[in-house]
Amino acid sequence: MNDYFYIDASGQQKGPIPPSQFSMFNVSADTLVWCKGMADWQRAGAVDELKAFLDNDANGATPPPTPGTAGTASGAPYDNVYHSMDSGTPNQSMPCPPSNLVWAIVSTILCCLPTGIVAIVYACKVDNLYLMGDYQGAVEASHKARNWAIGGLIASVVFFFVYILALFSFSFGSIASMSNL
């Protein structure tokens, strides 16, 4: 299957793209297309190889935009990375919250494995949620990652002191019992 160049609504040449992505780039049966081996530009509906990819346009059943592409000029999948989902405007006023991934990894390696793993999972969600436009979800994941990492650190410190206390009490207890002999 050939990749095709096409003429967009503003008259600009775009592509090449595979026919499977025609709906993402608003290529319809009336869009002019060209690929290697064609003598001239043709309507996409006139090219036999493309008819299977244009059936939705022919019967009037156009699917909704692909998730994550709404509000984009070109329809490219990652065109709206820095736009909020609600308004389609740039999300410049709210910076990405810290992921706390470093603290989660440190907590996992040096301290408490179970809480560290949970912290890593939440830390990995922060950037994805932010890029999808879910700023509140990114902030919540950031706070949870931080809290789980801190919880692991506190749990290790408590465990360390209990261990030292137990070690001293057993060692003093065994010295005291030896002195009675």
Side-chain angles (χ1 to χ4, degrees), residues 1 3-4 8 14-27 53 56 62-181:
M1 176 88 30
D3 286 352
Y4 285 81
D8 69 3
K14 303 285 182 165
I17 61 169
S20 61
Q21 294 182 357
F22 277 4
S23 63
M24 254 183 6
F25 293 95
N26 299 323
V27 175
F53 298 99
N56 287 338
T62 305
T66 306
T69 62
T72 63
S74 68
Y78 299 106
D79 216 18
N80 67 342
V81 168
Y82 295 106
H83 290 69
S84 74
M85 296 293 269
D86 298 331
S87 65
T89 57
N91 196 358
Q92 297 169 352
S93 62
M94 299 178 287
C96 184
S99 68
N100 298 303
L101 185 60
V102 172
W103 294 113
I105 293 172
V106 168
S107 174
T108 304
I109 293 172
L110 300 178
C111 304
C112 188
L113 185 66
T115 60
I117 290 174
V118 175
I120 288 173
V121 168
Y122 281 115
C124 290
K125 291 181 179 182
V126 173
D127 289 335
N128 290 334
L129 290 169
Y130 179 76
L131 293 177
M132 290 188 318
D134 185 5
Y135 182 74
Q136 187 60 36
V139 169
E140 289 174 12
S142 174
H143 289 305
K144 287 180 180 179
R146 182 193 65 209
N147 292 343
W148 279 100
I150 291 172
L153 292 169
I154 291 171
S156 347
V157 168
V158 168
F159 177 77
F160 177 73
F161 282 119
V162 168
Y163 178 76
I164 296 297
L165 248 163
L167 187 64
F168 281 125
S169 67
F170 287 127
S171 60
F172 286 130
S174 61
I175 293 173
S177 65
M178 290 175 133
S179 64
N180 289 341
L181 293 177

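Residue indices begin at 1 and follow the sequence shown.
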Closest heavy-atom contact between L129 and A141? CD1-CB, 4.1 Å
Distance-only, no hydrogens or angles: does the D134 side chain make a donor-acceptor pair with backbone N or O of G137 under 3.5 Å? yes
Report yes or no: does S156 contribute a side-chain atom to a donor-acceptor pair with the main-chain N or O of G152 at less than 3.5 Å? yes
With a 3.5 Å distance limit and no angle check, can you tell me whether N100 reaches the backbone of A145 through a side-chain donor-acceptor pair? no
Hey, could you give me the CD/NZ distance between E140 and K144, rounded to the nearest 0.5 Å? 6.0 Å
In the structure I gave you, are the side-chain heavy atoms of Y4 and P16 within less than 4.5 Å of one another anywhere? no
Which atoms form the tightest heavy-atom contact between W148 and A119, and what is the distance? CB-CB, 3.7 Å
Heavy atoms of P97 and Y135 approach each other most closely as CD-CE1, 4.0 Å
The reported gap from CD1 in I164 to CZ in F159 (rounded to nearest 0.5 angstrom) is 10.0 Å
Below 4.5 Å, heavy atoms only, C-beta onward: do R146 and H143 meet side chain to side chain? yes
Please set out all donor-acceptor pairs under 3.5 angstrom arising from side-chain atoms of residues 120-128, sequence neighbours excluded.
none

Please round to the nearest 0.5 Å and tell me the distance separating atom CD1 of I105 and atom CD1 of I117. 12.0 Å
Would you give the length of the straight line joining atom CG of L165 to atom CZ of F160, rounded to the nearest 0.5 angstrom? 10.5 Å
Starting at OG of S142, measure out to CG of N147 and round the result to the nearest 0.5 Å. 9.0 Å
Using a 3.5 Å distance criterion without hydrogens, assess whether the side chain of S107 forms a donor-acceptor pair with backbone atoms of W103. no
